[in-house]
Student: 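Below you will find the structure I want to go over with you.
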2 protein chains.
Amino acid sequence: MEKNKEFSYKYPHPAVTVDCVIFGFDGKSLRILLIERGLEPFKGSWALPGGFVRMDETVEEAAMRELFEETNVKGVYMSQLSVFSEVDRDPRERVITVAFYALAKPSDHDVIGGDDAANAQWFSLDDYPTLVFDHEKIVKVAFSQLQRNFRAGNVGLEMFEDKFSISQLYALHSLVTQQDIDRRNFYKKMTSYEYIEPTSEKMRETPHKPSQLFSLDRTTYDLKVMESFNLYRYDHEEKAKVPKSKHHGKK
Amino acid sequence: MEKNKEFSYKYPHPAVTVDCVIFGFDGKSLRILLIERGLEPFKGSWALPGGFVRMDETVEEAAMRELFEETNVKGVYMSQLSVFSEVDRDPRERVITVAFYALAKPSDHDVIGGDDAANAQWFSLDDYPTLVFDHEKIVKVAFSQLQRNFRAGNVGLEMFEDKFSISQLYALHSLVTQQDIDRRNFYKKMTSYEYIEPTSEKMRETPHKPSQLFSLDRTTYDLKVMESFNLYRYDHEEKAKVPKSKHHGKK
DNA sequence: CCAAAAGTGTTACGAATACACCCATGA
DNA sequence: TCATGGGTGTATTCGTAACACTTTTGG
């Protein structure tokens with residue numbers, strides 16, 4: 001390929017990428033999903049999953065596509081976090097990135113590095129490798145957002161298995177909000193939600209804690225989450241079938 | 001046609017723009033600031049103030065710059081709203097836009113169309129001209145955001161003069177939230193805030209309403225707003241390091 | 001004086017907090 | 001058995017809602 005610059009414009013254009021901050025929870029610590037770059041620049045370094053937006057897709061579609069290609073994770077709720085556009089944030093050229101964030105359960109996905117990623121792996125938020133570009137900053141902003149959402153009442157049930165105990169929720173809530181909520185009040189609050197339904201089973205954890213298991217009424221929960229926050233549902237396959245839906249909430 | 005496309009890339013790049021939704025309040029209705037386009041495409045049509053992001057500026061800087069160039073408005077709190085990236089949202093080429101929104105007082109700014117704008121003008125949200133591109137959608141999303149913020153406790157004091165009455169706040173709050181809050185409870189709530197300070201003056205309105213005037217402690221208020229929401233302060237001159245003015249004595 | 005809107009007080013309710021207590025389990 | 005953590009009950013606080021009432025001003 002001799003002529004390798006085929007796309008010309010009258011004015012300079014920045015490149016546009018997407019980056020995804022995916023949070024998970026393993027029962028002990030909060031985790032983020034990272035990839036090991038398989039291409040230059042910074043080949044071999046760790047980074048947020050993401051990549052260039054194609055000309056025939058929206059940034060949301062790009063985020064879902066890249067996440068799936070690079071980590072095999074799909075079907076999560078994605079939310080636009082922020083645009084990062086510092087002029088020198090990428091050494092190659094001017095790159096503006098749209099950051100997304102989502103919650104996922106580590107066990108639910110077959111996390112396999114693919115495509116441009118040599119590897120994909122969950123890391124503890126307390127101890128993850130140095131990230132390339134300004135991805136550390138993006139992670140910080142994402143965590144702030146997560147913290148805000150949690151303090152505002154979000155419970156992050158997307159990060160749990162089908163069956164979960166209130167103490168697990170409590171552990172996560174404490175981790176994220178950094179607040180010292182009374183355990184018993186938290187218990188009552190959670191069990192008062194109509195979308196958290198008790199099962200009769202019991203579960204066993206590390207030391208000796210027999211605790212009641214609960215399950216989630218996804219339908220009710222989704223409604224609550226959707227109206228509380230600005231979340232959009234992105235099923236990876238969505239683009240393939242669904243046309244364009246437009247609904248306006250005019251009164 | 002000669003060769004007028006000097007900027008070449010190996011892969012296609014979208015163009016990146018910013019658009020600003022500026023809300024104001026005139027005592028009666030909620031207003032937005034629009035410009036009449038002075039250039040093609042859609043020359044003569046109305047649009048949100050905005051334009052292309054330069055290679056040497058962030059999207060925030062671009063938003064402030066374009067807003068100032070096209071409408072003469074500056075020194076407002078800007079907040080990233082969302083990225084709009086539908087593939088066909090611009091007829092010229094692939095254009096991804098970062099939408100911002102801010103609150104301003106209509107009277108404080110000398111709204112003059114400039115640069116790419118033939119004209120700039122405040123319109124009532126109930127009755128504004130058809131907008132180009134997907135700007136109507138952006139306005140809708142911005143209003144939803146505004147509504148969310150107001151329901152969450154924001155009072156939009158940025159939209160008022162130095163002296164204001166509680167009934168004015170109440171009128172705006174009712175307009176935005178569409179909620180029927182008790183006037184008297186609202187009054188007490190507002191006057192309980194430490195950043196809303198009574199003055200001894202009185203003001204006169206349409207029929208016969210003498211009402212107490214209040215003023216705003218900007219410092220305290222800014223703190224509250226900054227931590228409640230994700231707002232960033234952008235003084236237009238900031239980049240050129242011009243000293244900040246606290247009071248505007250101009251009229 | 002009267003109408004209309006501003007401003008003040010008083011009570012009620014519900015969610016969030018604080019904390020006391022009992023139960024189940026495993027070592 | 002005891003230590004540890006799960007689960008339940010109850011009182012208090014506080015912000016908000018509901019609503020009665022007084023004051024001010026223009027006509």
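Excluded from the calculations below are hydrogen atoms, water molecules and symmetry mates; all remaining heavy atoms, backbone and side chain alike, are included. In this text the structure is predicted, and so the values were computed from the model without any measurement. Per chain, numbering begins at 1; letters A, B, ... match sequence-line order.
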Student: Under the side chain to side chain donor-acceptor pair (under 3.5 Å) test, which residues partner R184(A), sequence neighbours left out?
Tutor: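 Result, side chain to side chain donor-acceptor pair (under 3.5 Å) vs R184(A): D182(A).
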Student: Establish, with yes or no, whether the OP1 or OP2 oxygen of dG6(D) is under 4.0 angstrom from a side-chain nitrogen or oxygen of S167(A).
Tutor: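 Yes.
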Student: Say whether, by atom type as modelled, one donor and one acceptor occur between the side chain of E66(B) and the main chain of A63(B) under 3.5 angstrom.
Tutor: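 Here the side-chain-to-backbone pair does not exist.
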Student: Run the side-chain donor-acceptor check on residues 168-176 of chain A: report pairs under 3.5 Å with partners two or more places apart or on a different chain.
Tutor:
from: Q168(A); atom 1: OE1; to: S165(A); atom 2: N; distance (Å): 2.9
from: Y170(A); atom 1: OH; to: I181(A); atom 2: O; distance (Å): 2.6
from: S174(A); atom 1: OG; to: Y170(A); atom 2: O; distance (Å): 2.9

Student: Does R184(B) get its side chain close enough to the base of dA20(D), under 3.5 Å, for a donor-acceptor pair?
Tutor: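 Yes.
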Student: Would you kindly give the CG-to-C1' distance between L213(B) and dA6(C), to the nearest whole Å?
Tutor: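 Rounded to whole Å, this separation is 13 Å.
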Student: Specify the separation, in whole Å, of atom CE of M190(A) and atom C1' of dT8(D).
Tutor: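 Those two atoms, CE and C1', are 17 Å apart.
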Student: Write down the distance between CG (D180(A)) and C1' (dA16(C)), rounded to a whole number of angstrom.
Tutor: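 Value for this atom pair: 15 Å.
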Student: Let me know the distance between CD of E201(B) and P of dA6(C), rounded to the nearest Å.
Tutor: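 Taking atom P of dA6(C) as the reference, CD of E201(B) is at 18 Å.
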Student: Quick check on DNA chain D: between D182(B) and Y193(B), whose nearest nucleotide comes earlier from the 5' end?
Tutor: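 Taking each residue's closest nucleotide, the earlier one in sequence belongs to Y193(B).
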Student: Check the distance between dT8(D)'s C1' and I166(A)'s CD1 and give it to me in whole angstrom.
Tutor: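 Result: 14 Å.
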Student: Under the rule for ring-ring contact (aromatic ring centres under 6.0 Å, His included), what residues qualify as partners of F84(A), not counting sequence neighbours?
Tutor: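 Per chain and number, F84(A) pairs via ring-ring contact (aromatic ring centres under 6.0 Å, His included) with no residue.
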Student: Would you list the pairs meeting salt bridge (Lys or Arg N to Asp or Glu O under 4.0 Å) in which at least one residue belongs to residues 163-173 of chain B, sequence neighbours left out?
Tutor: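 The answer is K163(B)-E201(B).
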Student: Does OP1 or OP2 of dT8(D) have a side-chain N or O of Y187(A) closer than 4.0 Å?
Tutor: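 Yes.
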Student: Is there a side-chain contact between T220(B) and D222(B), using heavy atoms and a 4.5 Å cut-off?
Tutor: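 When only atoms from C-beta onward are counted, D222(B) and T220(B) do not touch, as no gap falls below 4.5 Å.
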Student: Output a table of nitrogen or oxygen pairs between the protein and nucleotides 10-13 of chain D separated by less than 3.5 Å.
Tutor:
from: dT10(D); atom 1: O4; to: K188(A); atom 2: NZ; distance (Å): 2.7

Student: Looking only at the aromatic ring of each residue, does the gap between the centers of Y221(B) and Y195(B) stay below 6.0 angstrom?
Tutor: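 Yes - the distance between ring centres of Y195(B) and Y221(B) falls below the 6.0 Å cut-off.
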Student: For the helix from dC1(C)-dG27(D) to dA27(C)-dT1(D), what angle separates the axis at the start from the axis at the finish, each from five pairs, in steps of 10°?
Tutor: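 Angle reported: 10°, given to the nearest ten degrees.
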Student: Just the rounded figure in Å: distance from P of dG6(D) to CZ of F164(A).
Tutor: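 The distance from CZ of F164(A) to P of dG6(D) comes to 15 Å, rounded to the nearest Å.
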Student: Evaluate L213(A) against K202(A) for side chain to side chain contact (heavy atoms under 4.5 Å, CB included), listing each step before the verdict.
Tutor: CA-CA 5 Å; L213(A) 282 182; K202(A) 296 250 178 179; 6.0 Å; no
Student: Ignoring backbone atoms, establish whether K189(A) has a side-chain N or O less than 4.0 Å from OP1 or OP2 of dA15(C).
Tutor: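 No.
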Student: For the CG atom on D217(B), are there more than 12 heavy atoms of other groups (residues, nucleotides or ligands in this structure) within a distance under 6.0 Å?
Tutor: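 Enclosed.
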Student: Hey, which of these two, I181(B) or K202(B), hits DNA chain D nearer its 5' end, going by closest nucleotide?
Tutor: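 First, find each residue's nearest nucleotide; the 5'-ward one identifies I181(B).
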Student: Taking CZ from R183(A) and P from dC19(C), how many angstroms apart are they, rounded to a whole number?
Tutor: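 Rounding to the nearest Å, CZ of R183(A) and P of dC19(C) are 14 Å apart.
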